[in-house]
Amino acid sequence: MAEIIVQDGCPLKYGAIVTDKGVNFSLYSKDAKKVELVLFEKDDDKSPSTCITFDPVKNKTGDIWHVFLCGLKAGALYLYRVDGEYNPPKGLRFNYHKYLFDPYAKAFSKGSVFRSYNNQRSAGLAGIQNGELFDLSDFPKCVVVDDDDFDWEGDKPLNYPLEKTVIYETHLKGFTASDSSNVKNKGTYKGFAEKIEYLKKLGITSVEFLPIFEFDENENGNVNPRTGEKLVNYWGYSTIGFFAPKTSYAADLTPGASVKEFKQLVKELHKAGIEVILDVVYNHTAEGNEHGYTFEFRGLQNDVYYQLPQREKQYYMNFSGCGNTVNCNHPITREFILDSLRYWVLQMHVDGFRFDLASILTRDEIGIPLSLPPLTHAINEDPILANTKIIAEPWDCGGLYQLGGFPGGKRWCEWNGKFRDDIRRFIRGDDTISNAAATRIAGSSDLYKLSGRSPLSSINFITAHDGFTLNDLVSYNNKHNQENGEENRDGSDDNLSYNHGYEGECVNPKIENIRLRKIKNFLLYLFISQGVPMLVAGDEMRRTQHGNNNAYCQDNDISWINWDLVNKNEGLIRFTSQLIKLRLNHSVFTRKTFFEEQFDKSLVPEITWFDNNAKVPDWSKMKRFLSFKLTGTDNRDYYIATNTDIYDLTITLPALSEGKKWYRVADTSFSSPEDITESGMEELLREQRRYVLVSGSSIILMSK
């Protein structure tokens with residue numbers, strides 16, 4: 001390592017900040033008695049090459065410890081050691097024997113923290129029970145990153161308006177990890193970039209990545225009972241580095257290379273007109289509960305970063321279901337989260353965030369829900385994030401359910417779990433669910449109108465990463481999670497699914513036809529409903545997880561995209577793509593306001609609901625049928641109808657004004673390519689008053 005000169009440093013800007021003359025380090029710890037910065041020559045060094053002890057007079061301002069190392073450059077590797085009182089009943093867990101990460105680290109030399117801990121435990125190293133790590137060769141180091149060392153070529157976040165947004169939720173690695181992907185760098189940022197053209201053709205405007213903040217897949221200790229293979233944390237909902245893109249997703253594993261590769265992927269997606277939304281986890285960390293690990297916040301200021309019981313601070317409040325809960329509305333933690341979000345927008349150019357278990361962000365420091373939480377309000381009003389999409393999963397594992405009323409401001413969108421459930425019940429064929437389905441299709445005014453929000457506050461989805469895939473939703477009655485190593489206890493038992501007579505994969509053509517028809521019905525309502533649609537990667541090609549509805553630990557073919565399905569199900573992909581085009585080309589499906597009741601009878605209603613005889617429906621008697629007409633601003637009407645009964649139904653079509661006729665856009669009972677037409681190629685109906693709506697099918701008609 002080149003000669004470095006130690007100077008006082010500056011408390012502003014946490015983390016490791018690169019300048020022309022060196023690197024400034026800044027770290028928060030209110031109760032630390034001693035802070036030591038340790039530097040390493042190489043990633044696999046067993047011990048530090050340099051140790052710098054902070055002078056509490058020169059290198060501390062308030063509660064911030066800081067130092068400037070003149071001559072140090074980007075690429076340097078470092079960790080911290082922090083000493084102070086170890087008193088869990090007081091909420092303090094300082095331990096000088098622990099090597100700690102910088103919470104603001106922008107890259108890690110490798111991703112596996114737990115492998116280092118577990119290997120040393122297995123080796124029986126003396127002192128490991130006190131956290132003393134004698135061999136650091138397998139332990140990740142923080143990497144000094146120069147934020148300016150990348151040519152964005154003028155790129156900026158795209159920030160599409162919500163009404164022009166179609167979200168595609170995907171796992172970055174799993175999208176190209178399979179050999180069937182035929183990409184050069186499977187399961188990486190570069191590999192994903194090779195599939196951008198597929199997303200563009202499909203019509204996707206916004207990719208939502210499952211967590212790509214640094215996490216450790218090796219934290220899972222379970223074993224697959226069938227294969228004996230060790231299971232992993234595949235999804236990544238257990239963050240270690242809130243400023244660092246995951247190292248193992250980079251094709252180049254040189255420390256720090258993940259930053260440039262992620263930036264390059266964002267730039268290429270933007271060039272293709274596709275936004276980047278990140279699924280972020282600020283509600284808990286990987287350090288776990290009182291029996292967990294110390295590698296970051298716990299060893300810096302445990303009682304600030306985590307919610308602890310008021311009287312028994314050796315324990316952790318657990319509204320996340322993962323052992324701990326981040327103390328989101330403490331001023332220090334709130335600042336940390338805002339700094340992280342701003343970093344990903346300013347330095348990584350991302351377009352939005354989906355907040356996992358976002359209701360935790362609305363709890364105060366002792367876990368009580370707030371009517372106007374400082375954090376969510378600050379995110380809503382932050383000037384840097386002003387054009388950034390902010391999406392809440394409006395519940396948590398502590399029982400707080402805030403769908404329709406997530407506090408923080410009108411900019412917040414919400415995952416609409418009621419849309420998922422009501423549309424699942426309706427398409428499945430449940431009785432007397434038509435009224436609830438109609439409310440969801442029209443934008444869920446019961447959830448959002450009273451608070452002054454719009455239909456665009458609703459993120460509509462049928463499936464998500466957790467739960468059945470769309471194919472499995474019509475192929476399984478029950479979950480099949482045995483390979484998760486938890487005796488099939490994990491995952492939801494309430495899937496609102498139906499296998500149509502046979503559990504799992506099936507060659508019976510009758511069953512397969514109805515399953516495909518139901519999949520098309522689901523897709524149809526996903527894309528013609530008011531709100532913002534979210535499609536899960538692979539649903540358009542009938543990806544299956546073989547009935548596993550909680551594949552969080554399956555880094556294998558269960559979770560990966562099988563690209564052989566593209567050719568096998570090209571008709572369904574075409575159907576999906578045409579639905580997306582229909583949605584984006586006709587503003588009647590992307591309203592910014594709710595449908596209003598027309599009191600002036602001379603005006604044409606914006607939406608009209610019908611029974612199967614084209615009359616005003618008696619909702620109490622509506623069973624397994626739904627139909628409505630939309631009046632578009634392009635002087636066209638759109639009629640959508642669905643028959644979820646087991647019998648075909650002859651329906652009466654609504655009358656049109658003089659000179660107009662009905663044309664068929666889509667019929668989910670038809671085979672591809674007749675199931676949906678290209679724009680401008682709609683088929684004139686020979687019979688303008690009656691239509692045979694096949695059992696379990698839906699239609700879209702357009703007037704001309």
Side-chain angles (χ1 to χ4, degrees), residues 155 158 160-161 163-209 264-277 351 460-463 469-471 516 519-520 522-524 526-528 532-543 560-586 589-590 665-666 668 670-682 700:
D155 176 81
L158 298 175
Y160 291 138
E163 66 270 19
K164 295 296 184 181
T165 300
V166 175
I167 299 173
Y168 192 78
E169 189 199 37
T170 183
H171 191 285
L172 188 140
K173 177 181 179 179
F175 198 62
T176 62
S178 169
D179 289 340
S180 64
S181 67
N182 292 319
V183 301
K184 182 179 179 181
N185 299 287
K186 297 191 294 291
T188 66
Y189 303 118
K190 287 186 176 181
F192 193 95
E194 295 183 56
K195 290 294 187 180
I196 289 176
E197 189 60 30
Y198 171 82
L199 297 173
K200 190 174 179 181
K201 288 181 178 179
L202 189 60
I204 300 303
T205 71
S206 312
V207 168
E208 181 179 307
F209 288 124
Q264 186 64 36
L265 173 58
V266 173
K267 186 167 72 171
E268 292 185 33
L269 281 164
H270 283 175
K271 284 181 179 179
I274 299 174
E275 291 182 313
V276 176
I277 299 172
D351 303 88
N460 297 335
F461 64 103
I462 307 296
T463 60
T469 65
L470 193 53
N471 178 81
L516 179 58
I519 288 172
K520 291 178 184 178
F522 279 124
L523 290 170
L524 185 149
L526 179 64
F527 292 113
I528 62 90
V532 181
M534 184 186 80
L535 177 69
V536 175
D539 275 354
E540 76 281 4
M541 62 178 84
R542 295 193 68 176
R543 184 178 77 87
W560 298 344
I561 297 291
N562 177 3
W563 288 92
D564 292 337
L565 294 174
V566 171
N567 291 329
K568 182 178 180 182
N569 295 294
E570 59 182 348
L572 185 61
I573 295 173
R574 176 186 175 275
F575 183 82
T576 306
S577 177
Q578 290 300 318
L579 280 175
I580 293 173
K581 287 180 181 178
L582 179 72
R583 174 183 180 81
L584 295 179
N585 289 339
H586 300 282
F589 302 115
T590 59
V665 176
T668 61
F670 290 7
S671 298
S672 181
E674 284 75 26
D675 52 1
I676 191 167
T677 62
E678 301 278 347
S679 178
M681 301 296 291
E682 297 81 13
I700 301 176

How long is the span from the CZ atom in Phe192 to the NZ atom in Lys173, to the nearest 0.5 Å? 15.0 Å
Side chain proximity check, Lys195 to Ser181, heavy atoms < 4.5 angstrom: yes
How close do Lys520 and Asp675 get, counting heavy atoms only, and between which atoms? NZ-OD2, 2.8 Å
Reference residue Ile580; test side-chain contact (heavy atoms from CB on, under 4.5 Å); the match among Asn585, Leu523, Ile204: Ile204
Side-chain contact, heavy-atom cut-off 4.5 Å: Thr170 with Leu199? no
Does Lys186 form a salt bridge (charged side-chain N to carboxylate O under 4.0 Å, His left out) with Glu194? I'd like the steps, not just the answer. CA-CA 10 Å; Lys186 297 191 294 291; Glu194 295 183 56; over 6 Å; no
Candidate list Asn471, Ile573, Thr576, Asp564, test side-chain contact (heavy atoms from CB on, under 4.5 Å), partner Met541, passing option: Ile573
Fit a plane to each ring of Trp563 and Phe175, take the angle between them on a 0 to 90° scale, and name the class: parallel (under 30°), tilted (30 to 60°) or perpendicular (over 60°). perpendicular
Is it the case that Asp539 and Thr463 place a side-chain donor and acceptor less than 3.5 Å from each other? yes
Residue pair Leu526 / Pro533: nearest heavy atoms and the distance that separates them: O-CB, 3.5 Å
Residue pair Ile519 / Arg542: nearest heavy atoms and the distance that separates them: CD1-NE, 3.5 Å
Least distance between heavy atoms, Leu158 atom then Gly273 atom: CD1-C, 3.6 Å
Using side chain to side chain donor-acceptor pair (under 3.5 Å) as the criterion, point out the one residue from Glu275, Glu540, Glu208 that pairs with Tyr168. Glu540
How long is the span from the CD atom in Glu197 to the NZ atom in Lys200, to the nearest 0.5 Å? 5.5 Å
If you measure only the distance, is there a donor-acceptor pair under 3.5 Å linking the side chains of Glu163 and Thr590? no
Run Phe575 and Thr668 through side chain to side chain contact (heavy atoms under 4.5 Å, CB included) and show every step you take. CA-CA 9 Å; Phe575 183 82; Thr668 61; 3.9 Å; yes
Could you go step by step and tell me if Ile196 and Leu269 meet the side chain to side chain contact (heavy atoms under 4.5 Å, CB included) rule? CA-CA 7 Å; Ile196 289 176; Leu269 281 164; 3.7 Å; yes
I'd like to check Val276 versus Val207 (side-chain heavy atoms, cut-off strictly below 4.5 Å). Are they in contact? no
So, do Ile277 and Phe209 sit near enough that their side-chain heavy atoms are less than 4.5 Å apart? no
Identify whether the distance between the nearest side-chain nitrogen and carboxylate oxygen of Glu268 and Lys190 falls below 4.0 Å. no
Side chain Thr176, main chain Gly187, donor-acceptor under 3.5 Å: yes
Separation between OG (Ser672) and CD (Glu570), nearest 0.5 Å, reads 7.5 Å
Side chains of Lys581 and Ser679: does their closest heavy-atom pair fall under 4.5 Å? no
Are side-chain heavy atoms of Phe527 and Val166 found at a separation under 4.5 Å? yes
Nearest 0.5 Å, what's the CG-CZ distance between Asn562 and Arg543? 10.0 Å
So, taking the atom named NE2 in His586 and the one named CD1 in Ile528, what distance separates them when rounded to the nearest 0.5 Å? 13.0 Å
Can you list the steps and then say if Arg583 with Leu579 is a side chain to side chain contact (heavy atoms under 4.5 Å, CB included)? CA-CA 6 Å; Arg583 174 183 180 81; Leu579 280 175; over 6 Å; no
What is the distance from atom CD of Glu682 to atom CG of Leu582, rounded to the nearest 0.5 Å? 8.5 Å
